[in-house]
Every structure is written in C-alpha cells, then in structure tokens.
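Remarks on the structure that follows.
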Amino acid sequence: MHSFASIATVALGLSLAQYALAAPSAYPSGQSGQCPQGRPAKALYFQTNMPTGNSVVAVPILPNGGLDVKRYSTHATGGCGSAGMEAMNATAGPDALFSQDAVIVQDHMLFATNAGSNTFTMFKIDRRNPTCLTMVGEPAATMGEFPVAVAYSKHLKTACVLNSGAADGVACYSVSGRTGLKALDTGARKLNLGQSTPPLGPTGTVSDIFFTPDSKMLIVMVKGNPPTKVAGFVAVYPVVNGTVSMTPVKSNPVGSVALFGSSIISNTEILATDAGFGTMKLKIDPVTHVVTADVKTTIAGQAATCWSAYSPKTGSVYVTDIKMNRIEEISAASGKIVSALNFTNGNTGNIDDIVGGDFLYSLSPSLGKTDIAVVSLACGQGKMKELETFSIPGANQFSSGLAVL
Ligand SMILES: *[C@@H]1O[C@H](CO)[C@@H](O)[C@H](O)[C@H]1NC(C)=O
Ligand SMILES: *[C@@H]1O[C@H](CO)[C@@H](O)[C@H](O)[C@H]1NC(C)=O
Ligand SMILES: *[C@@H]1O[C@H](CO)[C@@H](O)[C@H](O)[C@H]1NC(C)=O
C-alpha cells in the first residue's frame, strides 16, 4: 500500500495547514471549494475463482469511498473456479476467465460463475449488511462448460449465463428471490467457437454478456482470433414476448479485432473495449439488431484494453489494460479519449473495473493477493484522482469479476 498524500497535496492544491487537517489521507475533504468527497456505494464484490473452491469476497465501502478491508467476508459459492490456458501448459491468471461480468449485482442479488464446475450461483444481499450474503437455491448447471459471465434483467426476472469451453453458448433462467434459478431452456444457444475446456485464449473466446436497459435484447461479445483469421462478432438475441430468442443476429463490426468487456450506454449504443487497439463505440439497429462500428479509438501504447465501467454521472467509460497500470477515460458520447491516470501503486496492470457512486474500483490480482485501486470521479469528467490501493490477502491471481452495491 502506498500513501498518496503528496500527490493529493499537489492535485488538490491544499495549503500546508489544510493538508495537516486532511493528513494522512488522499481523500478529498470537500473543503476549500475543491471537489466534493463524493457519494459512496455500500460494498464491493469479486470472486476468488479458486480451482479448489470458489468464493465471493465482499468488502464494505467506507463513507470516503475507500475499502474497509479489515471487515471483508468470504462466501463459498458451492462450486469451483478455473483458469483458461494462454498457451499449451500455460495457465492464465490474472485474467483467468478472459471475460467481464463473472460477478454481477443487481436488485440486491449477486450472481457468480463457477468455471470449474459448470454452474453459477445466486446469492441474496442483506439490505442492512451488504457483506452478508445468503445463497438462494442450489448452483444451477450452465448447460455448457467453463461459464465466465452472467447478465440479469430485472424486468424479465431472467438471468443468462455465457459458457466459454468446448460446450459453449448461452443459457437462460428465471430468477426467484425465494427458490433461486430455474432453467428456461432445454439446451444452450451454441456459438460453435471450437474451443477446448478450459479454453485457449484470450483470443477466440467469449468476452461478455449483458441486456440492453430496455431488456429488449441480450448481447454477447466474442473475440476474434487473429492468428487463425477467425473474425470476432457481436451476437444480439432479441427478446420476444418476454423470452430471449434462441437465434442471434451476428455482426462483425468493421475494424474490430478482439471485442472484450463492454459497457451498454443506451438501448442502441455500446462502448466496447478491443484488446487489439483500444475501444470501439458500436451502434445497435433496434429493428434489424445489426451492430456496426461507429467510432474506433486507438489507445497509444496499449497492450490489451479489455475491461470497462460506465459512469452515467460523468458521461465517461473507464477502461483498463492488463499490462498497463493505468485507467483511460473515454467519452461515452464521442467515443474518444478524455483523460488518463497512471497508478502509482506499482502493479503491472488491471483487469475488471466498476463504478460505485462517485468512485471507480479496479482489480489487480497477483500471486497471493488481490489489489483493488480506488479512484475518485467526484470532480467530474476528465478529472480522475487516484486515492488508495487496498490488498485482500489470500485472494490470488485467478480473482475475477467486480461488482458493486
Ligand atoms: C505440456 O505438458 C505435457 C505433459 O506434462 C508435456 O508432455 C508437453 O511436452 C508440454 N508441452 C509444452 C508445449 O510444453
Ligand atoms: C406472443 O404471445 C402472444 C400471446 O401469447 C401470441 O399470440 C404471439 O403469437 C406471441 N408472439 C410470438 C412472436 O411468439
Ligand atoms: C502516463 O505515463 C505515460 C508513460 O510514462 C506517459 O506518456 C503519460 O503522459 C502519463 N499520463 C499521465 C496522464 O500522466
């Protein structure tokens, strides 16, 4: 852990006297006409994805947006994690699942995939104590292998899970707060990517799954595989009569290489990361369900831009790179770079990120611990401020997914 006091002193322009009051914290005080402290979320969640037994880690968020790491709790999912292969005999991690949304939170429910057990688990989150999780029903079989991402529609009361292994594809479930997950399908909507279990990636694997805000479409992002010249695609499954259709409309947005973690901006706009160059703003035709490239943005010096988090309040999408220890801020409206922040925490890069209130959280797993960096977004667009990095001991290089309540 680092102290960012000196950075804050410069960034916030505090006088020495004011600094003494604020010390040793880098957190904005809300005084002196500076940025407000910002509204915090309640708790942060990720999965350990341990092959020996998967757990969800729940960490309380402090009023200043920081993490109360002394009071984190772990909750067994009843399944096992797993890791993809980056080459023959080379286990992936960090980025063990090659995905975004391995853990999601909506409507006081949490869903987490168990890539090693071909199941996913539903928990209820206690309204008074958000680190208190109760499993609802049993983990559900995903009708495929190596599940890596989940989507939920409150409107449809439906959860859909995305499998990345030899048996790939999407399966959907009705969701009951009392009885849990019940299959709506008799088999998965196959994508036929020709993968193995565990998959060989990150290229040529599935990336992400999410509903549009109006719940009229379920969207799946799939990375291309440049070495084999197989193009990636976006699969759009229209929701007809409250049911996710079995057949998607597939599009290959011109110029995309390896579409990865994505943020849905509106019913017709996606801000996708692309590991090949940076980000791509995509347009969805609400009638034909065809997805086309709108704005392609190359991030200079990027290695693999793969995860994204949207703040409707700042109007920006914050993207991370597994090999660059920084956040790039992209305007959701223009699809262009607004600003960048280089972390000073000494990590090698970042995977999943998420916006909670006026703060951004970014996951950096490594051998023996998982770091979470906290960034203030309270000053608005173009003004990210690094606050502090917290370590969760015991969590490891397989940690995946990041969700917030
Ligand atoms: C992978 O591991 C197997 C079994 O240990 C070994 O036979 C094979 O040579 C290894 N392949 C590579 C490319 O390292
Ligand atoms: C939708 O549901 C209505 C009423 O159940 C039915 O008449 C109609 O055929 C359905 N449409 C489709 C496309 O399934
Ligand atoms: C981040 O670091 C890179 C490489 O050292 C540098 O080119 C860039 O200007 C820095 N960005 C910011 C916003 O400090």
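All values below were derived from every heavy atom in this structure, side-chain atoms included, with hydrogens, water molecules and symmetry-related copies excluded. When a ligand or atom number is given, it counts from 1 through the structure's own listing order.
- Residue P365 comes nearest to S399 through the heavy atom pair CG-O, 3.5 Å, listed as atom of the first residue, atom of the second, then distance.
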Enumerate donor-acceptor pairs with a distance under 3.5 Å from any side-chain N or O in residues 140-151 to protein atoms, sequence neighbours excluded.
residue : atom : partner : partner atom : Å
T142    : OG1  : N118    : O            : 3.3
T142    : OG1  : G144    : O            : 3.4
T142    : OG1  : N163    : OD1          : 2.7
E145    : OE1  : T197    : OG1          : 2.5

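- With D274 as reference, S256 is the one residue of C306, S207, S256, S262 to meet the side chain to side chain contact (heavy atoms under 4.5 Å, CB included) rule.
- Partner of T389 under the side-chain hydrogen bond (donor to acceptor under 3.5 Å, both in side chains) criterion, out of N347, T344, N345: N345 alone.
- A cation-pi arrangement is found for K296 relative to F277, the charged atom lying closer than 6.0 Å to the ring centre and inside a 45° cone about the ring normal.
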For ligand 3, list all ligand N or O to protein N or O distances below 3.5 Å, rounded to 0.1 Å.
residue  : atom   : partner : partner atom : Å
ligand 3 : 2 (O)  : N342    : OD1          : 3.4
ligand 3 : 2 (O)  : N342    : ND2          : 2.3
ligand 3 : 11 (N) : N342    : ND2          : 3.0
ligand 3 : 14 (O) : N342    : ND2          : 3.3

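- Classification of the F123-H75 ring pair by plane angle, with boundaries at 30° and 60°, yields perpendicular.
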